[in-house]
There are 2 protein chains.
Amino acid sequence: MVEVARNDGGRVELALLLRRLTVELDAVGERFAKPHGLGRTDVRAVIAIMDATRRGEPLTAGGLGAAVGLSSASVTALVDRLERAGHVHRVRDATDRRRVVLQMSEASMAAGAAFFGGLQRELVAAMDGFSDDDLDSVRRWLTAMTEVVVAHR
Amino acid sequence: MVEVARNDGGRVELALLLRRLTVELDAVGERFAKPHGLGRTDVRAVIAIMDATRRGEPLTAGGLGAAVGLSSASVTALVDRLERAGHVHRVRDATDRRRVVLQMSEASMAAGAAFFGGLQRELVAAMDGFSDDDLDSVRRWLTAMTEVVVAHR
DNA sequence: CCGAATGTCTCGATGACCGAGAGGTTAGGG
DNA sequence: CCCTAACCTCTCGGTCATCGAGACATTCGG
């Protein structure tokens, strides 16, 4: 690894920086989860539900399972946990009464917005020191890296 | 979120791109874990052991626990699993015989290098389309973002 | 109206994790 | 040389997240 870092123009270093950043972002997730009595999966679930709600396409139990990669049995247990903790409500869909749509509670929506929204604002603020050209480079880079990662099997 | 995206020069979009990328990188970890009979934690452990070994400071059981945030009991179980699967060996430290240092097996080292090294090569290759200035912008940005994330409590 | 498809939940089993504490090892002071 | 405190790892018992299989309710097409 180190020995490769000679004539690559620092490209390997960027890969390592990226890994470091993802590790730290992971840690942030845990710092959010702990005080709220949530586990890893629960945070992913909450984020998925909030994202879907914001998109105006509320998640169903099944959709949540697909989103976070859980079996139906696990989704039931997961939603039980989140509901018991007051983070989501189960609501029977009016048009298809087999389905259960998940709604975030006001309080949890606010808590999530405060935590992650706060982080996002800090990140955006830290971008003030960058020119539009800088940020455009970053955007293209992030897009390229994501494509590689998605394609990697 | 969307409504903030008007006059920020795409900064929020970058934050979302970053999140997308971390999610995909997470998925890569799982694609590595599954076929090798490993769990989430196991992969983190293997990476920690490989990193430490490369640094020339082999991890002990206790060090591994600190690195991945597990109790000593869990570390024992974790190392049991990895050892049973043939990924690591327990070796009593010669100078301090209380300690157990962990060594990756040749085979697993090779498998890890093939998988993650391969991904790294693809990432580096995808950076060919970027100028040195581009990459310098990216480097500064990654560094700045990491600082924000680390500082966020 | 009936059967197949669909969405969610229940049950029992498995495995990862933790807290408490046992057991062996080292270092330092009488 | 021994005793004790500190240290590192492992064992034990319990808790919780997850899964596979299948039950139950609902919808949809013929």
Side-chain angles (χ1 to χ4, degrees), chain A residues 26-27 29-30 32-49 52 57-85 87-103, chain B residues 26-27 29-49 52 57-103:
Chain A
D26 233 49
E30 272 174 37
F32 175 75
K34 261 291 194 53
H36 290 261
L38 299 174
R40 266 204 79 69
T41 305
D42 307 56
V43 174
R44 287 179 63 189
V46 166
I47 291 177
I49 297 172
E57 306 164 355
L59 267 191
T60 64
L64 176 59
V68 299
L70 287 182
S71 69
S72 74
S74 306
V75 171
T76 299
L78 167 61
V79 176
D80 282 350
R81 239 175 311 164
L82 293 179
E83 192 169 37
R84 208 178 313 122
H87 295 299
V88 305
H89 302 298
R90 279 180 163 96
V91 181
R92 280 280 166 196
D93 188 326
T95 67
D96 183 343
R97 302 215 330 261
R98 288 169 304 182
R99 305 205 297 173
V100 170
V101 308
L102 304 172
Q103 291 183 334
Chain B
D26 233 50
E30 273 174 37
R31 283 202 292 274
F32 175 74
K34 261 291 194 54
H36 289 261
L38 299 174
R40 263 206 79 69
T41 305
D42 307 55
V43 174
R44 287 179 64 189
V46 166
I47 291 177
I49 297 171
E57 306 164 354
L59 266 191
T60 64
L64 176 59
V68 300
L70 286 182
S71 69
S72 74
S74 306
V75 172
T76 298
L78 166 61
V79 176
D80 281 351
R81 238 176 305 153
L82 293 179
E83 193 169 38
R84 209 178 312 123
H87 295 300
V88 305
H89 302 299
R90 279 180 163 95
V91 181
R92 279 281 166 196
D93 188 327
T95 67
D96 183 342
R97 302 215 331 259
R98 290 169 301 182
R99 306 204 295 173
V100 170
V101 308
L102 304 172
Q103 291 183 333

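Being a predicted model, the structure only gives us computed values, none of them experimental. Side chains included, hydrogens not; waters and symmetry mates left out as well; all remaining heavy atoms used. Letters A, B, ... mirror the listed sequences (proteins, then strands); counts begin at 1.
Among residues two or more places apart in sequence or in another chain, the ring pair (Phe, Tyr, Trp, His ring centres under 6.0 Å) test is passed with His89(B) by none. Take Gln103(B) and apply the side chain to side chain donor-acceptor pair (under 3.5 Å) test, not counting sequence neighbours, and it matches no residue. Residues that satisfy the side chain to side chain donor-acceptor pair (under 3.5 Å) test with Arg44(A), not counting sequence neighbours, are absent from this structure. Looking at residues two or more places apart in sequence or on another chain, you find a side chain to side chain donor-acceptor pair (under 3.5 Å) between Asp26(A) and Arg40(A).
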Restricting to nitrogen or oxygen on both sides, can you table the protein-nucleotides 1-3 of chain C pairs closer than 3.5 Å?
none

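A nucleotide of DNA chain D counts as in contact with chain A when one of its atoms lies under 4.0 Å from a heavy atom; the first and last such, 5' to 3', are dA17(D) to dT27(D).
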Would you be so kind as to tabulate the donor-acceptor pairs closer than 3.5 Å made by side chains of residues 57-71 of chain A, with sequence neighbours excluded?
unit_1: Thr60(A); atom_1: OG1; unit_2: Gly63(A); atom_2: N; d: 3.0
unit_1: Ser71(A); atom_1: OG; unit_2: Ser74(A); atom_2: N; d: 3.3
unit_1: Ser71(A); atom_1: OG; unit_2: Ser74(A); atom_2: OG; d: 2.9

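Across Val43(B) and Gly29(B), no two heavy atoms sit closer than the pair CG2-O, 4.2 Å. Heavy-atom minimum distance, Arg90(B) versus Leu102(B): CG-CD2, 4.4 Å.
Checked by atom type and distance alone, the side chain of Arg92(A) pairs as donor or acceptor with a backbone atom of Arg98(A) at under 3.5 Å.
Contact check of residues 32-48 of chain A against DNA chain C (heavy atom, cut-off under 4.0 Å) returns no residues at all. Within residues 58-78 of chain A, the residues having any heavy atom closer than 4.0 Å to DNA chain D are, in order of number, Gly69(A), Leu70(A), Ser71(A), Ala73(A), Ser74(A), Ala77(A). Contacts between residues 89-101 of chain A and DNA chain C, counted as heavy-atom distances below 4.0 Å, involve Arg90(A), Arg98(A), Arg99(A), Val100(A).
Comparing the start and finish of the helix from dC1(C)-dG30(D) to dG30(C)-dC1(D), five pairs each, the helix axis swings through 10°, to the nearest 10 degrees.
Counting heavy atoms from C-beta on, the side chains of Leu38(A) and Leu82(A) come closer than 4.5 Å.
Proximity of Arg81(B) to the phosphate of dT14(C): no side-chain N or O atom is located under 4.0 Å from OP1 or OP2.
Summarising the geometry, the separation between CG on Asp80(B) and C1' on dA16(C) is reported as 12 Å, rounded to the nearest angstrom.
Identified under the salt bridge (charged side-chain N to carboxylate O under 4.0 Å, His left out) test for residues 65-79 of chain B, with sequence neighbours left out: none.
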